[in-house]
Amino acid sequence: MDSTLDKAYSPQTTEDEIYALWEKNGYFSPNDKKGSKPFSVLLPPPNANADLHVGHAMYVVEDIMIRYHRMLGDNTLWLPGADHAGFETQFVYEKHLAKMGKSRFDFDRETLYKDIWNFVHENRGTMENQLRKLGFSLDWSRNIFTLNPKIIATVYTSFKKLFDEGLIYRDNRLVNYCTKDGTGFSDLEVLYIERNDPLYYMKYGPFTIATARPETKFRDTALAVNPKDKRYKEYIGKTLEIMGLLGPISMTVIPDPEVDPSFGTGIMKVTPAHDSHDFELGKKFNLPVTPIIDFHGRMDFSWFLSQKNIEPKYRERAEKYHGKKIAIVRPLMVEDLKTDGLLIKIDEAYTHRIGTCWKCGTVIEPLPLEQWYIKVSPLAKKATDAINKKQVAFVPKRFEKTAKQWLSNFHDWNISRQNVWGIRIPAWKCQTCLNQISNIKNKKSDHWIITDGAIPTECPECHGKNLVQDTDTFDTWFSSGQWPFAALRASGTNDYSKFYPTSVMETGYDILPWWVCRMLMLGIHMTGKVPFKTVYLHGLVRDSKGQKMSKSKGNVVNPLKMIDQFGADALRFALVFGTAAGNDLALSEDKIRGMRNFANKLWNIGRFLLLSLDNAKMKNEEIPFYTETLHSALTNDADKRLISEINMLTSSVTKDMEKYRFSDAAKKLYEFSWHRIADRYIEENKTRFGEGDSEALSVFRHVFLTILKLLHPFMPFVTEALWQRIPRLTTHPLILSSWPVRRPTTMSRKLLSSSGRS
RNA sequence: GGACUUGUAGCUCAGUUGGUUAGAGCGUUGCAUUGACAUUGCAAAGGUCAGAGGUUCGAAUCCUCUCAGGUCCACCA
């Protein structure tokens, strides 16, 4: 035992060594002791091939819970995972391709998939090591990738079950399509932004209409007015001949109570192929769906140009527009409208909210496309019921309301993505049947063969062998929504039966609708049980001024840099200290430095304790371990008071841990260690320590070891480093030590031995 | 239009079911210090808890309204 500690604590020379000790000895794995209660948390899988950002460091809350429960003697599992992150990873890979002057369309599907797979695996590992740097006591022996074959198998099984139950269906409707990324998205992935766009007023037969999207007017199929609008009442049901840029078109006026008479001129053009409201309206009035914009965001006039006997003027125009991007066509159209005397005015001050791609910012085009949808409401109802029945608790409580609100507002969920990197949808179409069907009028063409992953050999209807698989992959949230049961079925033999439902789901509140609600819906439906009993939501990490971190602002805090500079314990403590669950927190270097100072303060309390113990040893003083006998024989009032205070602190911190009040616990421990023990108890009793007073030293050591235990979930490294150096009764490392109980009475000793650890 | 949320010290934030003189970190000021720690200690300054009203023996905390921020959803032709 080397009791001469360095003057200052050096996390850099301590942390890696301690982490290696824990990991090497398998301390992160469940104890699997008979009778021990299960406690399980699934780490929200970070992107496999990206670096961690400081938001990930908030998962420290999970490590705190895990370490606490491990010390309670629970059968504790914290399961790590790595996310293939479907579209996001493909997006990164496409950027990488672009740098080499290539695009994903230069490769066939299999090659592209393989290349991305290799790309991900070449970049893999950094994220995992960063989690280690943070001190996270994850059971790495169970680490699982979201494209693990067992995970995929579970996802396929779910898809088939949902399909068989009629909860998954195929439909052709307008999808939120990003023409740059070449894929559709669910409603949640559309990012609405406030934007200024010109509002064009144009002559439309006897009317004037206002539109922000003049390019779609070529394929308007009707005009809609509010049935209560006296100005247009007489026109309802009438078909009018209207002069457009490509000649006359006939259009019927239909009633729509949702038309706002005060907007523009109170008359709305209807374009079912490019507006979801119009699409629904079109269904009601049996209007054709006639697209003018293609999946690359270009104008498509082939329907017009293929007609015979087109006037040369109109042909010229259509050819001019054809194949060009919308932004290019708009000004051309404005010119032509002017020429024809159809443009009335342009309101340049018009602002509206417009959907954009959350990833690349391109304006989302609603385009008609066949996709797989999940019928959400039956699943959402089950989730809401579970919340109402208190089968799931939210921390903080207010998110219960948010979750329920989301669950009641979800539309059917488009789970098809036109990506390669992901889990390919196990749906096949028989080409033979398809050809036959297309010859029979009115027969539904959605004749799909769905399997639980096995490649079908022949069509069950016609026994044809010409089966073609859907080229789409699942929305990654469809598979992540199944993570709790999918992961536990894949991670270890009995993990699912032992650890499902998991104890706590801990993640950022920003993915409540994307992930938490989906896990609830799919988890309950697929397993009959809630996937987690408690949802703890943390806030966003912001900069020292409360501003959102972003690369462009240059205010991004790099967690690894902070760890190098101040130690993981300091960063961890800074993230929980003075932070309420569910609230955003401002993180500054000053705060982390302050917490580094606290780690150093602990170090020096330990250093002083060791020096005093050495000093006593030289005087041949025997320092007894703190026991019940010693406790009842205490004579010094200062010692008695301190013992009673550490007991009170223990209960109070334990209560905080149970109630997920980690900030309170951290604050109490900080306050007690620094200002009670270091500033007062040590200072007031220095002479006694100098004299080698065995009672004082015994009490001091006991109290300090207790503090190390209580602090261990928060600052695992410095506490373990000190624990290893201080003479104590047991040989266990701190990570496996038992959580302190009020004091060493007979009763609590029983508890200690029954937990199997001391 | 709907939901949620914030306003507490110079800055960033805690503050449980209402309960003494309202707390912390950082910052500021003064002093101290060669044996645990300058990554330190002691002391100090600094707050009408956004405002108004109400409930209560008692309100930062509960209720109503006002003002000022933030986030999300719906609608926007």
Side-chain angles (χ1 to χ4, degrees), chain A residues 4-10 187-188 191-192 194 197 199-200 209-214 216-217 220 223-225 256 258-260 262-271 274-275 277-278 281 350-354 396 398-399 401-402 404-406 408-411 509-510 512-513 539-540 542-548 566-567 570 573-574 576-580 582-612 615 652 655-656 659-661 663-664 666-668 670-671 674-675 678-679 682-683 686 689-690:
Chain A
T4 48
L5 265 51
D6 291 340
K7 279 184 88 168
Y9 172 58
S10 162
D187 293 344
L188 285 182
L191 187 70
Y192 288 92
E194 193 78 26
D197 276 309
L199 185 66
Y200 303 89
I209 56 148
T211 180
R213 301 211 56 187
T216 62
K217 78 186 290 290
D220 294 347
L223 287 166
V225 297
D256 178 11
E258 281 180 45
V259 171
D260 177 2
S262 65
F263 184 92
T265 55
I267 187 152
M268 183 181 86
K269 65 194 205 62
V270 183
T271 321
H274 297 297
D275 181 281
H277 173 259
D278 293 3
L281 200 63
Y350 178 65
T351 58
H352 61 160
R353 270 171 57 122
I354 190 158
R398 67 169 186 271
F399 285 111
K401 200 171 180 180
T402 316
K404 275 159 71 171
Q405 200 176 325
W406 274 110
S408 65
N409 285 336
F410 282 131
H411 298 294
Y509 67 77
D510 51 326
L512 177 69
L540 266 50
R542 295 167 178 274
D543 77 359
S544 60
K545 287 168 193 154
Q547 301 288 306
K548 206 168 177 174
F566 302 113
F573 217 68
V576 288
F577 194 91
T579 310
N583 284 2
D584 294 351
L585 75 128
L587 181 67
S588 63
E589 204 172 302
D590 281 342
K591 187 173 182 186
I592 304 170
R593 184 183 297 113
M595 298 306 146
R596 188 271 316 260
N597 294 354
F598 176 54
N600 188 59
K601 176 58 82 171
L602 286 173
W603 182 259
N604 275 289
I605 297 172
R607 184 161 179 256
F608 179 71
L609 170 64
L610 288 169
L611 288 172
S612 303
N615 188 32
S652 159
K655 209 179 277 172
D656 289 337
K659 290 185 169 175
Y660 307 96
R661 305 190 62 86
S663 165
D664 289 2
K667 212 165 213 178
K668 285 170 191 165
Y670 179 99
E671 172 68 24
W674 197 318
H675 303 301
D679 292 347
I682 291 181
E683 292 303 327
K686 260 191 175 159
F689 298 127

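Owing to the predicted nature of the structure, the values given are computational and were not obtained by experimental measurement.
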Within the 4.0 Å heavy-atom criterion, would you say A:Gly578 contacts the bases, only the backbone, or no part of the nucleic acid? sugar-phosphate
If you look at every strand shown and take non-hydrogen atoms under 4.0 Å, does A:Asp278 touch a base, only sugar-phosphate, or nothing? nothing
Which part of the nucleic acid does A:Ala8 contact within heavy-atom distance under 4.0 Å: base, sugar-phosphate only, or nothing? base
Short side-chain N/O contact from A:His277 to OP1 or OP2 of B:rC75, under 4.0 Å: no
Under 3.5 Å, which protein N or O atoms sit close to an N or O of nucleotides 3-10 of chain B? Give each pair with its distance.
residue : atom : partner  : partner atom : Å
B:rA3   : O2'  : A:Gln405 : OE1          : 2.4
B:rC4   : OP1  : A:Lys401 : NZ           : 2.3

Parallel, tilted or perpendicular, as decided by the 30° and 60° cut-offs, for the rings of A:Tyr670 and A:Phe598: tilted
Taken to the nearest whole Å, CG/A:Leu5 to C1'/B:rG35 is 15 Å
N or O in side chain of A:Tyr509 less than 4.0 angstrom from B:rC72 OP1/OP2: no
For RNA chain B, stems built from three or more consecutive Watson-Crick or G-U wobble pairs below 3.5 Å: B:1-7 with B:67-73, B:10-13 with B:23-26, B:28-32 with B:40-44, B:50-54 with B:62-66
Just by distance, with hydrogens left out, do A:Thr211 and A:Lys217 show a side-chain donor and acceptor under 3.5 Å apart? no
On a heavy-atom basis, which atom in A:Phe577 and which in A:Lys591 lie closest, and how many Å separate them? O-NZ, 2.7 Å
Under 4.0 Å, counting only non-hydrogen atoms across every strand here, what does A:Val259 touch: a base, just sugar-phosphate, or nothing? base
Of A:Lys659 and A:Asn409, the one whose nearest nucleotide on RNA chain B sits closer to the 5' end is A:Lys659
Quiz question: by atom type and distance under 3.5 Å, do the side chains of A:Thr216 and A:Lys269 form a donor-acceptor pair? yes
Using a 4.5 Å cut-off on heavy atoms from C-beta on, say whether the side chain of A:His274 contacts that of A:Thr271. yes
A:Asn615 side chain vs A:Gly690 backbone, donor-acceptor pair below 3.5 Å: yes
Within the distance-only criterion (no hydrogens, no angle test), does the side chain of A:Asp275 pair as donor or acceptor with the backbone N or O of A:Asp278 below 3.5 angstrom? yes
Once you apply a heavy-atom cut-off of 4.0 Å, does A:Ala678 come out as touching a base, just sugar-phosphate, or nothing? base
Mind listing the closest non-hydrogen atom pair of A:Ile592 and A:Ala570 along with its distance? O-CB, 3.6 Å
Would you state whether a donor and an acceptor, one from the side chain of A:Lys686 and one from the base of B:rA36, lie under 3.5 Å apart? yes
Using a heavy-atom cut-off of 4.0 Å across all strands, would you classify A:Trp603 as base, sugar-phosphate, or nothing? nothing
On the 0 to 90° scale, with breaks at 30° and 60°, tag the A:Phe689-A:Phe608 ring pair as parallel, tilted or perpendicular. perpendicular
Between A:Leu191 and A:Arg213, the residue closer to the 5' end of RNA chain B by nearest nucleotide is A:Leu191
Under 4.0 Å between any heavy atoms, over every strand shown, what does A:Ser588 touch: base, sugar-phosphate, or nothing? Just pick one. nothing
Are there any protein N/O atoms within less than 3.5 Å of an N/O atom in nucleotides 17-27 of chain B, and if so, which ones and at what distance?
residue : atom : partner  : partner atom : Å
B:rC26  : O2'  : A:Asp590 : OD2          : 3.1

Does the side chain of A:Lys7 get closer than 4.0 angstrom to OP1 or OP2 of B:rC37 through an N or O atom? yes
